[in-house]
Amino acid sequence: MDSAEFHAAVYHVVRQIPPQRVTSYGHIAKLIGMPRYSRHVGQALKFLSPNTNPPVPWHRVISSSGTISSRGPGTDGAERQRQVLEAEGVEVRESRGGELKVDLGTFGWFPEPGSIDLGEYGEARDEEEAGSGEG
DNA sequence: AGTGTGACCCGGT
DNA sequence: CACCGGGCCACAC
């Protein structure tokens, strides 16, 4: 699995997140079969072009705790993500520390690995399974 | 070859 | 809920 293919796999899965739902970097990593690569999911979204042909709903990916990643002080990425989420009906609230949070119990989308379409990226495996396989 | 960093995750306090 | 420590993988210096 090359870096380019990893990115492609991430985009493929992110495109399947339904409207008004959010999931986490870590869960995307799980879905593509690489549970230890949560940090790289964020990188893949960072390198995403703003005008890809099938659009990638990057805004529906937040942290596992329901927090929108701040991307550092002085950046407006988190605020842009908030506005896009609210525009499609996702409720975002602000904690005292200024953190933007979404209620995962209401808007969370965490399908089990294997229950979604991986397309040509279904060969990725981070953990070997003894005695089983695609065949 | 070591150190620091990043759109992260989990458990403990 | 907030804070901290450890784990994780790849990249830049």
Side-chain angles (χ1 to χ4, degrees):
Chain A
M1 165 86 70
D2 291 339
S3 179
E5 221 180 0
F6 177 83
H7 287 203
V10 169
Y11 303 151
H12 183 80
V13 171
V14 170
R15 278 193 265 258
Q16 299 182 52
I17 306 175
Q20 300 179 5
R21 291 290 181 277
V22 296
T23 191
S24 71
Y25 303 97
H27 198 75
I28 296 293
K30 277 184 183 178
L31 291 177
I32 67 178
M34 304 188 74
R36 304 295 176 219
Y37 282 69
S38 53
R39 311 196 71 136
H40 294 271
V41 173
Q43 287 298 312
L45 297 181
K46 181 178 182 179
F47 290 114
L48 181 62
S49 301
N51 47 10
T52 55
N53 190 308
V56 177
W58 56 272
H59 55 280
R60 297 182 191 142
V61 186
I62 62 181
S63 78
S64 178
S65 59
T67 307
I68 298 177
S69 304
S70 59
R71 269 91 118 190
T75 60
D76 65 333
E79 188 57 35
R80 292 202 309 118
Q81 185 168 3
R82 172 191 193 168
Q83 294 185 8
V84 179
L85 282 173
E86 289 181 336
E88 72 176 20
V90 175
E91 187 178 349
V92 181
R93 69 179 189 80
E94 191 169 354
S95 82
R96 301 196 177 178
E99 285 186 311
L100 306 175
K101 301 195 71 175
V102 175
D103 183 8
L104 295 181
T106 303
F107 302 101
W109 182 78
F110 299 96
E112 292 190 18
S115 65
I116 67 163
D117 170 44
L118 286 176
E120 56 180 314
Y121 311 105
E123 298 178 14
R125 290 295 182 277
D126 192 29
E127 303 192 34
E128 299 293 330
E129 294 183 44
S132 75
E134 307 294 294

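Computed from heavy atoms alone, side chains included, the values below leave out hydrogens, waters and symmetry copies. Chain letters run A, B, ... following the sequence lines, proteins first, then strands; residues in each count from 1.
Checking B:dA7, B:dG6, C:dA2 against every side-chain atom of A:W58, the shortest atom distance belongs to B:dA7. If you check C:dA10, C:dC1, B:dC8 against the side chain of A:Y25, the one that comes closest is B:dC8.
For C:dA10, the OP1/OP2 oxygens have a side-chain nitrogen or oxygen of A:Y37 closer than 4.0 Å. For A:R93, a side-chain nitrogen or oxygen approaches OP1 or OP2 of C:dC1 to under 4.0 Å. Between A:Q43 and B:dA7, a side-chain N or O to OP1/OP2 separation shorter than 4.0 Å is present. Here A:S63 does not reach the OP1 or OP2 of B:dA7: none of its side-chain N or O atoms lies under 4.0 Å away. Checking the phosphate oxygens (OP1, OP2) of B:dC10, a side-chain nitrogen or oxygen of A:S64 falls inside 4.0 Å. Phosphate proximity of C:dC8 to A:S38: absent, as no side-chain N or O sits under 4.0 Å from OP1 or OP2. Side-chain nitrogen and oxygen atoms of A:S95 include at least one within less than 4.0 Å of the OP1 or OP2 phosphate oxygen of C:dA2.
Nucleotides C:dG6 and B:dA7, compared at atom P, are 23 Å apart to the nearest Å.
Computed from coordinates, the A:R36 CZ to C:dC8 P distance equals 8 Å when rounded to whole Å. The distance from atom NZ of A:K46 to atom P of C:dC9 is 21 Å, rounded to the nearest whole Å. If you take CZ of A:F47 and C1' of B:dG6, they are 10 Å apart, rounded to a whole angstrom. Put simply, CZ on A:F6 is 11 Å from P on C:dC11, counting in whole angstrom units. Between the CD1 atom of A:I28 and the C1' atom of C:dC9 there is a distance of 18 Å, rounded to whole Å. Separating the NZ atom of A:K101 from the P atom of B:dA7 is a distance of 20 Å, rounded to the nearest angstrom. The separation between A:M1 atom CE and C:dC9 atom P is 15 Å, rounded to whole Å. Taking atom CG of A:L85 as the reference point, atom C1' of B:dA7 lies 13 Å away to the nearest angstrom.
Residue contacts for A:G77: at a heavy-atom cut-off of 4.0 Å it reaches no nucleic acid atom on any strand shown. No contact: A:S3 has no heavy atom under 4.0 Å from any strand.
Side-chain contact between A:Y121 and A:V13 is absent, with no heavy-atom pair separated by less than 4.5 Å.
Interatomic distance, CG of A:L100 versus OG of A:S69, reported as 10.0 Å (0.5 Å rounding).
Formation of a donor-acceptor pair under 3.5 Å by the A:S24 side chain with backbone atoms of A:S65 is not found in this model. With hydrogens and angles ignored, the 3.5 Å screen pairs a side-chain donor or acceptor of A:Q16 with a backbone N or O of A:D117.
Between A:V56 and A:T52, the closest heavy-atom pair is N-OG1, 3.7 Å. Here the closest heavy-atom approach between residue A:V14 and residue A:W58 is recorded as CG1-N, 4.1 Å.
Two residues, A:K30 and A:V61, neighbour DNA chain B, and the one matched to the more 5' nucleotide by heavy-atom proximity is A:V61.
On a pure distance criterion of 3.5 Å, a polar donor-acceptor pair joins the side chain of A:R39 and the base of B:dC8.
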